[in-house]
Amino acid sequence: MSDTDLQQRIREHAYAIWQAEGCPEGRAAAHWDLARRLVEEREAYIDEEGAETFPASDPPSHVPITGDRL
């Protein structure tokens, strides 16, 4: 993800947090910090999950049991 995309996602999250809290004044930095942490944690989770998957070109490790004989 590019830095611009990351900043946009953080901005959108911060805005949603601000709205959910009733649009309070003077909490922009706190909302931005929380949004940044949430987006970064989500990205780290997605990266970690992606590293554990096999490429789509790998065949399945087993043949499903369907009752059909090959």
Undergrad: Side chains of residues 29-38: which donor-acceptor partners sit under 3.5 Å, not counting sequence neighbours?
TA:
residue: His31; atom: ND1; partner: Arg27; partner atom: O; Å: 3.2
residue: His31; atom: NE2; partner: Glu21; partner atom: OE1; Å: 2.7
residue: Arg36; atom: NH1; partner: Glu40; partner atom: OE1; Å: 3.2

Undergrad: Taking Trp18 for its side chain and Ala28 for its backbone only, find out whether a donor-acceptor pair lies under 3.5 Å.
TA: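 Not at all, since once roles are kept as given, no pair shorter than 3.5 Å links the two residues.
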
Undergrad: Taking side-chain hydrogen bond (donor to acceptor under 3.5 Å, both in side chains) as the definition, give me every residue that meets it alongside Gln19, ordered by chain and number, with sequence neighbours left out.
TA: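 Only Tyr15 meet the side-chain hydrogen bond (donor to acceptor under 3.5 Å, both in side chains) criterion with Gln19.
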
Undergrad: Drop me the distance from Asp3's CG to Gln8's CD, to the nearest 0.5 angstrom.
TA: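 So the gap between those two atoms works out to 12.0 Å.
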
